[in-house]
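Lettering of chains follows the sequences in order, A, B, ..., and the numbering in each one begins at 1.
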There are 2 protein chains.
Amino acid sequence: MPGRRRSYHHGDLRRALLDATLSLAAEFGPAGVTLRQAADRAGVSQTAPYRHFDDKAAMLAAASEEGFRLLHARMTEAARPFAAEPMRRIGAWGRCYVDFAVAHTAHFRLMFGQGSPQKSATEALQAAARDTFQLLFQTVESGARTARLGAADTRELALKIWSLAHGIAVLAIDGQTVFLGVPRERAGGVAEGAVTALLAGYANP
Amino acid sequence: MPGRRRSYHHGDLRRALLDATLSLAAEFGPAGVTLRQAADRAGVSQTAPYRHFDDKAAMLAAASEEGFRLLHARMTEAARPFAAEPMRRIGAWGRCYVDFAVAHTAHFRLMFGQGSPQKSATEALQAAARDTFQLLFQTVESGARTARLGAADTRELALKIWSLAHGIAVLAIDGQTVFLGVPRERAGGVAEGAVTALLAGYANP
DNA sequence: ACCTGAACACCGTTCAAGT
DNA sequence: ACCTGAACACCGTTCAAGT
């Protein structure tokens, strides 16, 4: 009776390893993710992961990539209702970005917390990150055009908006906004307000 | 002839260990800092650091604390010329923050890159971080008062400004602003412009 | 006081071997 | 194809010992 017996093969070890990576990152931070412990949680030996990932860095990169694809999907959803209102669309995107960081902290940390020399960035990871940012860039560009914003350089404006949302996200998940009276759950709303204000600062009166 | 001979004691091992921590962080990122390698670079045995720090986390915390004190000093300097111009003072502070991150990347990474459970945060480290943020808060508060900004909550405005500068700093030192046409050296100027625009967005016309 | 050396449990990675 | 087990060099930390 095939399909019932405990197979010699795992089934979807790759998925199980990614799940273990995420849960370890959520518990101990990205630095606490261990190849051996991930394998242990997936119920295989220490060396089994090497069948699915070149090395530890590649496993972390795969989890990051997944995060970027998830964020990309969220951003697409969040922008849909505001196709005709560029300002609100960008504001909604800011809220979406921070909400994602708060809701998927492990993913978010893996995406951005790898330290400086992102030498081990997979091609696939780089592509996923690029896609995500390009979505923002397009949103800002079309928004700026429609709203006739006075910003000289659209790319620079996109960077500023990204930075604002990213900064709030980072500070929120580190709990550093709390003693300023802003709990995690409200961080997304703060981001929306801040992005809107920033855009207003560039809107010619 | 005391003072000339190679002493049994190191002299200032603590300082040497912090320097080694910084140089290792600059080379390999915060995750690449190793107690054993720091000791080796300081020319002592693997266990000598335990005379000066409780554990590895304490050594990293000491380096972080030093970073916060350095940033605090820079911010104080940067604000001085603009005592009478609150807007420009806050803008100068944003530039100063990002310039610090670019110039002292190792310090900056150690200050903010420790992952989520900052369980090992020393009292001294927490105090240094608090002091630094309070300087920002005071600057924003007095600036907002003088300029009669329309922001309802000054603390929230301070958070937004911090986030904006922090976001640009993080993205700049990760090299993620470059393909947007903003090299590291120009990131400080972009931050100043962005902070100014954000404030303008809150200024009632 | 300050530093050393051996020891322990852990880690990433490799390699020959098993099914 | 996919997984195991032993092995190697590295890590943080402890502890008895040296000056």
Pair pattern of DNA chain D in dot-bracket, where unpaired bases get dots and | marks partners in another strand, Watson-Crick or G-U under 3.5 angstrom: ||.|||||...|||||.||
d(CG, L17(A); C1', dG12(C)) in whole Å: 15 Å
Min side-chain heavy-atom separation H104(A)-M111(A) under 4.5 Å: no
Atom pair distance, as rounded to whole Å: CZ in R41(A) and P in dC11(C): 11 Å
Distance in angstrom units between L60(B) CG and dT13(D) P, rounded: 10 Å
Separation of atom CZ in F28(B) from atom P in dC10(D), rounded to whole Å: 13 Å
For DNA chain C, the residues among residues 46-56 of chain B that have a non-hydrogen atom under 4.0 Å from it: T47(B), A48(B), R51(B), H52(B)
Rounded distance in Å - CG (D12(B)) to C1' (dA1(C)): 15 Å
R89(A) and E85(A) ion-paired at < 4.0 Å: no
Carboxylate-amine/guanidinium contact R36(B) D40(B), below 4.0 Å: no
Separation of atom CD in Q37(A) from atom P in dT13(C), rounded to whole Å: 15 Å
Over 12 foreign heavy atoms within 6.0 Å of CG, D54(A): no
Nearest-angstrom distance from the residue atom CG of L35(B) to C1' of dC10(C): 15 Å
Side chains of M59(A) and V33(A) in contact at under 4.5 Å (non-hydrogen atoms): yes
Aromatic ring pairing Y97(B)/W93(B), orientation class (parallel under 30°, perpendicular over 60°, tilted between): tilted
Check: F108(B) ring centroid to H166(B) ring centroid under 6.0 Å: yes
Interatomic distance where CG belongs to D40(B) and C1' belongs to dC3(C) [whole Å]: 15 Å
